[in-house]
Amino acid sequence: MMMMGDLFRWRRRTLLSLLFTSTLGSFTSARPEPISKNPAHSLMPRSSNETFPYRDASLCIDDRVDDLLHRMTIEEKAGQLFHLQMQMGPNGTLDLGNVTARRNSSENMIGEKLMTHFNLVGDVTDVRVAAEWYNRIQERALQTRLGIPITLSSDPRHAFTENIGTGFAANQFSQWPESLGLAALRDAEIVQKFAEIAREEYMAIGIRTALHPQIDLVTEPRWARIGNTMGEDANLTSELVVAYLKGFQGEELGTHSVSTITKHFPGGGPMENGEDSHLTYGKNQTYPGHNLEYHLIPFKAAIAAGARQIMPYYSRPIGTEYDEVGFSFNKGIITDLLRGELGFEGIVCSDWGLITDTVIAGQDMPARAWGVEYLSELQRAAMVLNAGVDQFGGEQRPELIVELVNTGVIPEERLDVSVRRLLREKFTLGLFDNPFVDVEAAVQVVGNPYFRRIGNETQRKAYTLLTNNDDTLPLESDSTTKYYVEGIEASHLEARNISLVSTPEEADLALIRLQAPYEPRPGGFEKNYHAGSLEYNATEKVRQAAIYSAVPTIVDIYLDRPAAIPEIAESAKVLLANFGAGPDAFLDVIFGVDGAQPQGKLPFDLPRSMAAVEASKEDVPFDTENPVFRFGHGLRYAEAC
Ligand SMILES: *[C@@H]1O[C@H](CO)[C@@H](O)[C@H](O)[C@H]1NC(C)=O
Ligand SMILES: *[C@@H]1O[C@H](CO)[C@@H](O)[C@H](O)[C@H]1NC(C)=O
Ligand SMILES: *[C@@H]1O[C@H](CO)[C@@H](O)[C@H](O)[C@H]1NC(C)=O
Ligand SMILES: *[C@@H]1O[C@H](CO)[C@@H](O)[C@H](O)[C@H]1NC(C)=O
Ligand SMILES: *[C@@H]1O[C@H](CO)[C@@H](O)[C@H](O)[C@H]1NC(C)=O
Ligand SMILES: *[C@@H]1O[C@H](CO)[C@@H](O)[C@H](O)[C@H]1NC(C)=O
Ligand SMILES: *[C@@H]1O[C@H](CO)[C@@H](O)[C@H](O)[C@H]1NC(C)=O
Ligand SMILES: *[C@@H]1O[C@H](CO)[C@@H](O)[C@H](O)[C@H]1NC(C)=O
Ligand SMILES: *[C@@H]1O[C@H](CO)[C@@H](O)[C@H](O)[C@H]1NC(C)=O
């Protein structure tokens, strides 16, 4: 047995010195050396299984995968097929679980269920703690019979979204606009830059799989998941996803890479009535315009660019040639279309929770087995495997797989096909050769001033200027101007000596930061999904109108969905849109601090009314009647004389 002290020394000596400079494109992370060439090798745990061929970094990956696969029991193979949320325990300890929250312990998942794929849930508020926790789960994985390392994944964590089902706010990471904001800049270089920086920060704390990019096309403006897409246009999304994948994965997947899960196949945009298929009433995806092909365009680009993993959406297709069952249950979609027609050879990981009913954030969430609700859990699992899916997201049911094999329903060779793909990913990422991160390096890398500065600048640039009557922007900073302000904490205003008044009537100018309209829904989980009308309600329209008629107003609206706001375009002095920006970014943009100015172009049409939204087809882009602003609209500040 190795001593703990040895393990820590080994880690320190394999420190990846991460070099980053302020020149775009020139930061690189040193690659961890294969263990057999590493002078610290003698400090690795030495047990009989250390000499197995799969541990030998000098062998080729296919041979290592074969060797390991042949040593695995059915239980060990079944464990690989599950990818579940995991959270840290206090101070970076292993989570002990919580029966009330229906959460098993990390020990149960790693030690008993033999799972090795987890997505980190919860905010990273302390980098050191996160990196130490990551090393602890790898230590625990090393102690299993075969010592298969863990692959840690994550939903996006570089913007503002805070929703246990879709993403976590940046906290210690550099903070950027949502991917819609990157799309507004229409600049593949910025997208790649973002992805390279996110990769460095992820890798520093051990996150080696991104549960993104999300390349669903915004053809139905009511859908709650638009904020993490790249907009309405298939070509733009195609161009940007290529840069995105290159930034996370590199030219080829390797020890320097974060693998990506591109989602949601075959495009989650065309939701019936704009509802979301996490929820029972949103299970249908519809194609009244017979336009499925349009939604495949970015997936074709991603596959050509080397997308490693793809996630099908929860929805079931209505009115197509395919069966009306959820996409991961759908052999026509996964085996015939994705693998056959589009030639995808990578990993297919289902969306979270297709088999087992559960509770999320206190809300009962039935399994998302849309169209096959009547099947037993066992039958659902078999159907997903038979459709051609490799991995079950958000589930921990290896015993179902073992039963399917033991009863002859699923041949063991079928498991081997998927386990092989999953193990190859781990070997290629170098996880067998060095599963640990260097804690000190992580503290240096994550949220360093250079990464934060580029993220901050991008928040400013992604601002999209929709109206600027009388060239109101940029504002002069003038200590005599009196402002009426909503949606910004006073401390940000005080820091700039902005003089405040408490009513629009007393003010010279109003600054209003708004959230795009939505209809609140009940339920701990559901409430995070902004759905329903894209217009403000009558009371809110009246309230806002009173401000606009009292004082020239600068409106800044956060567009997580394409709002229908003709009245603001008409009545406010200035209308700015953001896709994730902090209050300082907003203030810098309106005052033109250090030359900050909006450079974004709308990544979708802004509809005129809910009537127009309802009249347009869920699967067809750019078919909203008489939009207030078109895709691509975005003004610039006038040149100074
Ligand atoms: C947290 O863990 C670190 C070592 O990993 C230890 O030094 C520190 O005392 C712990 N803090 C608390 C509050 O337990
Ligand atoms: C377990 O989870 C429940 C529900 O989320 C929570 O109220 C409770 O405080 C948790 N218990 C512990 C010991 O963390
Ligand atoms: C933990 O896992 C076991 C199976 O190993 C399962 O029976 C149990 O319901 C799980 N408990 C929780 C709280 O999720
Ligand atoms: C491999 O090594 C671990 C840790 O030393 C040990 O627990 C396990 O039983 C070994 N497995 C085999 C197959 O020898
Ligand atoms: C998308 O690209 C294709 C091929 O380059 C081109 O024919 C088509 O007009 C483009 N569509 C748009 C909306 O730009
Ligand atoms: C979904 O589509 C089916 C088939 O057209 C229809 O019967 C059902 O009412 C639709 N809505 C939901 C929520 O299932
Ligand atoms: C980035 O913006 C945040 C929020 O305004 C600020 O606290 C931080 O100092 C900025 N960092 C850099 C390096 O510009
Ligand atoms: C705010 O006003 C104070 C006092 O007049 C002055 O010292 C300070 O420099 C001003 N700060 C800014 C950001 O203008
Ligand atoms: C109208 O919208 C406002 C703000 O969006 C909200 O606070 C209010 O509860 C809504 N009123 C009704 C009647 O829905």
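Being a predicted model, the structure only gives us computed values, none of them experimental. Indexing begins at 1, ligand by ligand and atom by atom, following the structure's order. One-based numbering along the sequence shown.
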Under 4.0 Å from ligand 7, counting heavy atoms only: the protein residues, by chain and number: P449, R452, R453, N456, D584
Separation between CG of D123 and CD of Q87, rounded to the nearest 0.5 Å: 11.0 Å
By ring-ring contact (aromatic ring centres under 6.0 Å, His included) - contacts of Y463 (at least two apart): none
Polar contact flag for N98 and ligand 2 (N/O pairs, less than 3.5 Å): yes
Residue pairs involving residues 86-110 (criterion salt bridge (Lys or Arg N to Asp or Glu O under 4.0 Å); sequence neighbours excluded): D95-R103, E107-R140
Atoms of ligand 6 close to I318 [distance to a heavy atom under 4.0 angstrom, numbered from 1]: 2 (O), 5 (O)
Contact atoms of ligand 2, heavy-atom distance to A101 under 4.0 Å: 2 (O), 5 (O)
Ring centres under 6.0 angstrom apart (Y529, H278): yes
Nitrogen or oxygen of Y281 less than 3.5 angstrom from that of ligand 6: no
Qualifying side-chain hydrogen bond (donor to acceptor under 3.5 Å, both in side chains) pairs with a residue from residues 316-338, counting only residues at least two apart or across chains: N284-R316
Proximal ligand 6 atoms for R316, defined as those under 4.0 Å from one of its heavy atoms: 1 (C), 2 (O), 3 (C), 14 (O)
Y202-H158 aromatic ring centre distance below 6.0 Å: yes
contact_flag E275 ligand 6 heavy-atom lt 4.0 Å: no
Under-4.0 Å salt bridge between E457 and R453: yes
Centroid-centroid under 6.0 Å between Y313 and F327 rings: no
Aromatic ring proximity, centroids under 6.0 angstrom, Y314 and H264: no
